[in-house]
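For reference, the structure is listed below as structure tokens.
Letters go in sequence order (proteins before strands), and every chain restarts at 1.
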Amino acid sequence: MAQRDLPKGYEPMEVEKKWLKFWNENQSFTPALDPDREPYCIVIPPPNITGTLHMGHALNLTLQDILCRFHRQQGCDVLWVPGTDHAGIATQNVVEKALAAEGRTRQDLGREEFIKRVWQWKEEYGGKILNQISRMGASVDWTRLRFTLDEGLSRAVREVFVQLYEQGLIYQGDYIINWCIRCHTALSDLEVEYSEISGGLYHLRYPLEDGSGHLVVATTRPETMLGDTAVAVNPEDERYRYLIGKFALLPFLNRRLPVIGDEYVDKEFGTGCLKITPAHDPNDFELGRVHGLEIVQVIDDQGRMTAEAGEQFQGLDRQECRTKILNELKKLDLLEGAEDYRHSVGHCYRCSSVIEPYVSRQWFVKTGPLAQKARDAVSRGHTRILPEHWTRTYYEWLDNIRDWCISRQIWWGHRIPAWTCLDCCELIVSREDPSTCPKCQGSQLEQDQDVLDTWFSSALWPFSTLGWPERTRDLEKFYPASVLVTAFDILFFWVARMMMMGVHFMDQVPFRHVYIHALVRDVQGQKMSKSKGNVIDPLVMLDKYGTDAFRFTLTALASMGRDIKMSEDRVEGYRHFINKIWNAARFSLMHLEQAPEKFDSSRVEGLAHKWIMHRMEEIKSQVAEALENYRFNDAAQTMYQFVWHSFCDWYLELIKPELYGDDSRLREKARDNLYQMLSEILILLHPMIPFVTQEIWSRLPGINEQDLSRVPYPQKRPGCDFPEAARDMEFLQQVITAVRGIRSELNIAPGIRLELLIRTEGRDRAFLEKHQDLILGLAGLSGMQAGEDIDPPGGCGAAVVKGCELFVPLRGVVDIQSELARLQKELSKLDKDLNIVGKKLDNPGFLNNAPREVITKEQAKAGRIREEKEKLEALQKRLESIEQD
RNA sequence: AGGCGCGUAGCUCAGGGGGAGAGCACUUGCUUGACGCGCAAGGGGUCAGGAGUUCAAAUCUCCUCGCGCCUACCA
């Protein structure tokens, strides 16, 4: 028997290895490009090559994989392209750190040599996360693996850059940008993270040029005063209006600072006088432009004071300079005061250094027109964002978007395809590397040193991975993708930008749906982070509990719009479910030596079989509907309940007598149906837990298709709705449960066989008698008698189910008092229920306004409760009278 | 400052106008011919608080309180 091969508990390790290899060799996940099959395509969020799998990836991959596998089952030609992202700054940082350990810098190596080193690093370590994706069971097509810096994607990047430049949507200019002095590059607004720090707010005195006194400005960054080129006050401000047009003198440097009027200045804040440093503050930069102010750069790209800062400060670090300035001002009695002040300061999202606003020549994408189109695509419904409330966030960001700084002063990335002719200063932007200047034919061309923001290439991912700018078959078939699955934290970084680029270059949205899933947090709901030490490593989960248990946990917890609080206990809990499936299969396979010859669903007979069939039909549509609507947790819960509490708890128990019985016809029928149910359960569960289902599947006798991932979703079976069987089954379960309840609550040892008497008539009586064996077996009874004129002996346990009175003679087994107490408890429950229903039915408003069905339902309910109550009360009286004997 | 979301059983959460649900945890009993990662039976909730709409509110509206997040600003 097959069961002999199966260990008692499910052992994931070997199983997972085996099937990963099988799927890979089989190219199970390479689409057939069959024109008759509908395409289904998912855009994978490409992880960084520096990264390792974390909880967010694990959830993200699990959900995408469920969708892919499910749609394969639905007959779609599915494409899920895997890939990684070159992560410019992060990767360069990693390699530079490695170099530093050798005591070298990238400058020592030179650009070309350094990039070679990075490629080497990438070959060696960059694939780590790909293996981890694979271990999660992700059914990606490995034959189409892409990388943002590979040849094809680099071509796409160039094409996009050049086109946008030609369309006037990319420009170069001197602006204030976010500068990281550690990474030594510009960053986009999104790459700056703000966090609150305690600092000071300093009040500085600037003497007035005319000698009539001084004005006082407030600042958190005294060192920037050296770059001040004006002081602003609000023209509405009575206190200072007279100053407008006068000049203040900058201490140390004696620069003449015009006092200008601008409504931007908040009268309430600080002193009401605002020092203006156009070179080192974004708001001041704007004011400077409006008022035509001079830009004086006093901090350089290393965070050191420049010569403009004056001899005594030149060369100092910005922090040192702050201290020194404050000291000097104090000496000169120009520091009027200092207060503690908490304010938020921008930090680099890669290295956490304090960001320096810095004026420099950079490349920008003019986002306005692109953002408008990206917004329209959603508002017109071409792309749907789910859950829907994220739509608003998406709009808000696009409505307030600023131009996107895309140049980075690093080496690892797509080099900007712009050259300057050293002879005539012509700027050349070109798809191919030019050899001569088109204007002066000079051959001394120098390429721009900068590379592009990594997100610039990620923004093209939905079409660049499919072969664009070529018009490939993949592109024809699979663009736009069906869905993008991601967490909200890259909604702006990535999703919005893909929308902008997709709509602009493909004239079509990049994906139909955007499903925004949860963030995985720790048990307390805190973000997982290494510094907090609350990280759960998914790889550890995979090793300890197996991929399926882990995946099922994530799926069961992934309800729409709520974050997941993850703990190891939960994974352990769901491992029990995987093991339960395993054992149900182990049991089933014991009885399934061969496949049914031909399964004819129209000839299903027997209560248990009809019932489970009926349930299965419901489950099939529930699970499909849940997955179509991204209700992953519903799909998981539905299967959990069904497999455990219908299939295992009842169905398997109910059919045991048939499986072990002598009636070979019944036995065969039971086996056939069991085979059918088990195999459909495996198919339904497969998208969520691919490995264990595939392993069991492969052990089913006589299967044609070894690869479960290619087996279609079970069709709706005509003629298999058996609502009557469902009702009957419920009745049977209630009877059995009632007897078990009496036994259990009165502490009757399971070894003691009880009798059951049932006062009932008509169909119910016939039904119960027909299934007498099942009742005896499952309720632990030695005998049963049903009839209209049942006259129970004194001293019975009792219950009422659907109007039938159940009696369990207890004389000599248990004392009557316990049963009386038990009955009293039942009765008070009934009283409570009756009270609620009664109130409704006594309310004329209810009777006049409620829909007829609701009223009938309530009336029926009241009748049922009343009947049950009467019967139990009668019994209670009898017991009491016996007790008095 | 603006926006979004969440307060339901001890914990984690489903549900979303007409009988308070699940999983885990808990209690009790159990070598029941797959499973103790198991079986059976239980206990446990003024659905944050208040007001309103309604015959009927956990569910819809408003307010209050508490928690979380996002965006922008912060001299």
**Nearest-Å distance once atom P is located in both rC47(B) and rG10(B)** = 12 Å
**Request:** Specify the separation, in whole Å, of atom CZ of R740(A) and atom C1' of rC39(B).
**Result:** 9 Å
**Prompt:** Would you say W397(A) reaches rG2(B)'s phosphate, i.e. side-chain N/O to OP1/OP2 under 4.0 Å?
**Reply:** no
**Prompt:** What is the nucleic acid contact for Y341(A), judged by heavy atoms within less than 4.0 Å: base, sugar-phosphate only, or nothing?
**Reply:** sugar-phosphate
**Message:** Please give the distance between the C1' atoms of rC60(B) and rA25(B) as a whole number of Å.
**Reply:** 35 Å
**Message:** Between rC13(B) and rG18(B), how far apart are the two C1' atoms, rounded to whole Å?
**Reply:** 24 Å
**Salt-bridge present (E867(A), R864(A); N to O < 4.0 Å)** = no
**Prompt:** Looking across every strand, which nucleic acid part, if any, lies under 4.0 Å from Y640(A) by heavy atom: base, sugar-phosphate, or nothing?
**Reply:** sugar-phosphate
**Message:** Suppose you measure atom P in rG45(B) against the same atom in rA20(B); what distance do you get, rounded to whole Å?
**Reply:** 14 Å
**Fill in**
Hits for side chain to side chain donor-acceptor pair (under 3.5 Å) against Q824(A), two or more places apart or cross-chain, chain-then-number order -> Q876(A)
**Asked** In whole Å, what separates the C1' atom of rG21(B) from that of rG15(B)?
**Response** 7 Å
**Asked** Should K840(A) be listed as having a side-chain N or O under 4.0 Å from OP1 or OP2 of rA56(B)?
**Response** no
**Item:** Between rG17(B) and rU59(B) - P atom distance, rounded Å
**Value:** 10 Å
**Asked** Quantified in whole Å, what is the C1' atom distance between nucleotide rC39(B) and nucleotide rU32(B)?
**Response** 8 Å
**Message:** Dot-bracket for RNA chain B, please. Rules: Watson-Crick or G-U, both distances under 3.5 Å, ( ) within the strand, [ ] when a pair crosses earlier ones, | for another strand, . otherwise.
**Reply:** ((((((((.[[[[.)..(..]]]].(((((.......))))).....[[[[[..)....]]]]])))))))....
**Message:** Side chains of E191(A) and Y349(A) only: does a donor on one sit below 3.5 Å from an acceptor on the other?
**Reply:** yes
**Request:** Could you tell me the separation between the CG atom of L674(A) and the P atom of rA34(B), rounded to a whole number of Å?
**Result:** 12 Å
**Asked** Which parts of nucleotides 9-16 of chain B does protein reach within less than 4.0 Å, heavy atoms only, written one letter per nucleotide 5' to 3' as B for base, S for sugar-phosphate only and - for none?
**Response** ---SSSS-
**Request:** Would you mind classifying the nucleic acid contact of V854(A) as base, sugar-phosphate or nothing, using non-hydrogen atoms under 4.0 angstrom?
**Result:** base
**Prompt:** If you look at every strand shown and take non-hydrogen atoms under 4.0 Å, does R342(A) touch a base, only sugar-phosphate, or nothing?
**Reply:** nothing
**Fill in**
L335(A) atom CG is separated from rA75(B) atom P, nearest whole Å, by 18 Å
**Prompt:** Between R699(A) and E695(A), does at least one N-O distance fall below 4.0 Å, as a salt bridge requires?
**Reply:** yes
**Request:** Please work out if H645(A) contacts a base, only the sugar-phosphate, or nothing of the nucleic acid, heavy-atom cut-off 4.0 Å.
**Result:** sugar-phosphate
**Request:** Identify whether any heavy atom of I578(A) sits under 4.0 Å from a base atom; if not, whether one sits that close to sugar-phosphate; answer base, sugar-phosphate or nothing.
**Result:** nothing
**rU32(B) OP1/OP2 closer than 4.0 Å to side-chain N/O of K656(A)** = no
**Asked** Expressed in angstrom and rounded to an integer, what is the separation of W650(A) atom CH2 from rC39(B) atom C1'?
**Response** 12 Å
**Message:** Is a donor from one side chain sitting under 3.5 angstrom from an acceptor on the other, for D228(A) and Y206(A)?
**Reply:** yes
